Amino acid sequence: MRVTWTGAELTFRLDPDDEITGKASDEHPIKLATNSCSVGGVPDDAHPDLFALAAWTVVAPWTRRRVSFDRAVSAELAEALHAGWGIEAGPVGAEPRRPGARLAISYSGGADSVAAAAMYPEAPFVHFRRVPHRRVPNRWPHYRSDVLARLAERTGRELSTATSDLEYTLAEPRPGYPEHHAVAVGALLLADQLNLGGLAFGYELGSRWLGGDRYVLRYTPDNPMWAPNGRWGKLFAAAGVHIVLPVGGVSEAVTMRLALDSDLKKYVRWCLRGTDGPCRNCGKCLYKELIQAAVERRPLDTPMTARHRAAQPWLKKPPYGGQEMVEYGLARVPGIEHTLFAGVLDYFDATEESTSWLDHCYPPALDEIPAPWRPEAAAYIEANVGLMTEDEVRRVETWGA
């Protein structure tokens, strides 16, 4: 793979060993559509390791043996690429980037992201906004990135918005990130300007420890995407921008509660389709409504029925992505037996007691937070959430066994 940055435009050319089909770090199949993308709202003088890492979040799925950058990178970054992916990277010759002093929030506006932001009220936001690609048609016009960007602007927090068309590099699946970490391209290229040493993501207990819905449905302490000692964690650290998961030890029920109790409550938006609010007609809206209704101890409020296409994944036999949250909702939503989830009750014996572990924080997640930002997160968790008991910790560590 040969990578070239012209200003903030990334172009990459495949070597004979590379392929247009590949897999992301969570084994999801990825097919290449085009070999260029751009990033706006960022400087053109970032450290070469930052340019290299930003490019790698885009080209990793299709690179097989080597990657040649258009500027020298540090030996530390090249070694992290080789150790993590078996990739030969070069040219080598730059001094390593030293971590900055600040933490920024990779801010999406969803409940998980808002909960992370609530932990660090002084941290600036970096928001990724999708924009059209000059050569690839938009096959997802209902995605309202403009709405999310406007909501981010209204939060009153220090905000940098990076625009990019990198999601159009994918032919399959629909427009999306080649790697989950590609959402950070703007933050990485802004890291010198913002003096960043860490970037906080809103990935919670399900994504970090329980496997999520695109990875494996079991306890995964060595999750290659988010573990500090995993290949991505080490690569980000080599570029002087540590991955920070402030809510990595709490469930989506907790992040929902924290977000709705925060000063940013009116800016929370997980749906990418609605304009004046969530569309209430997509699978994500249904899933988040189940969680919110459980947290607020109220009946489910959705126009969707069991016949709705977006509801079908939740009506099949388990396992489900986010299954722990489905169980949590089944145990707490009044009248759930009279909703479209009625049939799902047959598969579970969920009670408040059996799901109470999801109301507390898994302690090892706090230990993973880099030292400069750990005390603030730990104090917030102690005051607002509480730590799991030994029995609850075992529930996490035997998940999916």
Side-chain angles (χ1 to χ4, degrees), residues 1-42 44 46 49-71 73 81 84-85 87 89 106 108 126-146 148-149 161-190 199 201 214-215 224-225 231-232 235-236 239 272:
M1 183 69 71
R2 286 165 286 176
V3 169
T4 303
W5 285 96
T6 305
E9 182 169 353
L10 170 66
T11 303
F12 48 96
R13 297 182 63 186
L14 278 65
D15 289 341
D17 296 320
D18 298 332
E19 301 175 21
I20 65 169
T21 57
K23 291 183 179 180
S25 294
D26 60 4
E27 298 299 316
H28 199 73
I30 300 291
K31 186 174 181 180
L32 183 65
T34 187
N35 70 333
S36 70
C37 59
S38 62
V39 185
V42 297
D44 59 6
D49 283 359
L50 296 173
F51 274 106
L53 175 52
W56 186 247
T57 68
V58 178
V59 305
W62 305 294
T63 307
R64 295 294 176 266
R65 295 184 59 187
R66 64 181 63 85
V67 59
S68 299
F69 298 108
D70 63 345
R71 61 203 76 186
V73 299
L81 278 168
W85 286 266
I87 296 293
S106 179
S108 69
V126 181
H127 179 66
F128 177 98
R129 179 182 174 184
R130 177 194 293 178
V131 294
H133 194 284
R134 59 188 175 88
R135 291 191 289 126
V136 181
N138 183 6
R139 296 185 289 113
W140 206 16
H142 53 271
Y143 178 98
R144 296 305 303 270
S145 62
D146 57 325
L148 297 179
T161 297
T163 59
S164 184
D165 54 10
L166 68 85
E167 292 174 275
Y168 293 95
T169 57
L170 299 189
E172 297 175 6
R174 62 188 179 183
Y177 303 120
E179 293 281 5
H180 290 276
H181 308 78
V183 71
V185 293
L188 290 170
L189 297 181
L190 285 160
L199 183 62
F201 298 87
R214 266 182 46 173
Y215 190 50
M225 294 181 291
R231 58 186 185 180
W232 282 105
L235 186 62
F236 269 68
L272 305 179

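Small disclaimer: the values here were computed from a predicted structure and weren't measured.
Under the 4.5 Å side-chain criterion, counting only non-hydrogen atoms from C-beta, R134 is not in contact with S38. Side-chain atoms of L53 and L235, non-hydrogen and from C-beta on, do get closer than 4.5 Å to each other. Side-chain contact between M1 and L14: present, with at least one pair of heavy atoms (C-beta onward) separated by less than 4.5 Å. Looking at H28 and P173, their side chains come closer than 4.5 Å, going by heavy atoms from C-beta outward. You'll find the side chain of H133 reaches within 4.5 Å of the side chain of S36, heavy atoms only. The closest side-chain heavy-atom distance from E179 to W232 is below 4.5 Å. Side-chain contact between P178 and L170 is present, with at least one heavy-atom pair separated by less than 4.5 Å. Two residues are said to be in side-chain contact when any heavy atoms from C-beta on lie closer than 4.5 Å; W56 and I87 meet this criterion.
Closest of all the heavy-atom pairs between V67 and T63 is CB-CG2, 4.4 Å. Listed here is the closest heavy atom pair of M225 and S25: CG-CB, 3.8 Å. Across A8 and V42, no two heavy atoms sit closer than the pair CB-CG2, 4.0 Å. In terms of heavy atoms, L81 sits closest to A89 at CD1-CB, 3.6 Å. In plain terms, the two heavy atoms of A182 and T57 that are nearest each other are CA-OG1, 3.4 Å. Minimum interatomic distance between A171 and A33 (heavy atoms only, all atoms of both residues): N-CB, 3.4 Å.
Between the CG atom of L148 and the OG1 atom of T161 there is a distance of 11.0 Å, given to the nearest 0.5 Å. To the nearest 0.5 Å, the span separating OG on S164 from CZ on R129 amounts to 12.5 Å. Between T4 atom OG1 and R71 atom CZ the span is 9.0 Å, to the nearest 0.5 Å.
In this structure a side-chain-to-backbone donor-acceptor pair under 3.5 Å is present from S145 to R130. Formation of a donor-acceptor pair under 3.5 Å by the T34 side chain with backbone atoms of T169 is not found in this model.
The side chain to side chain contact (heavy atoms under 4.5 Å, CB included) check on A54 picks up W5, V185, L188, L189, with sequence neighbours excluded.
Taking the six-membered ring for Trp and thresholds of 30 and 60 degrees, Y177 and F128 have ring planes more than 60 degrees apart, a perpendicular arrangement. Below 30°, between 30° and 60°, or above 60°: for W62 and F12 the angle between ring planes is below 30°, a parallel geometry.
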Take S106 and V126, measure what side chain to side chain contact (heavy atoms under 4.5 Å, CB included) needs, and give me the verdict at the end. CA-CA 5 Å; S106 179; V126 181; 5.9 Å; no
Give the intermediate values and the outcome of side chain to side chain contact (heavy atoms under 4.5 Å, CB included) for residues F201 and H180. CA-CA 11 Å; F201 298 87; H180 290 276; over 6 Å; no
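Applying the salt bridge (charged side-chain N to carboxylate O under 4.0 Å, His left out) rule to pairs touching residues 53-65 yields D17-R65, E19-R64, sequence neighbours excluded.
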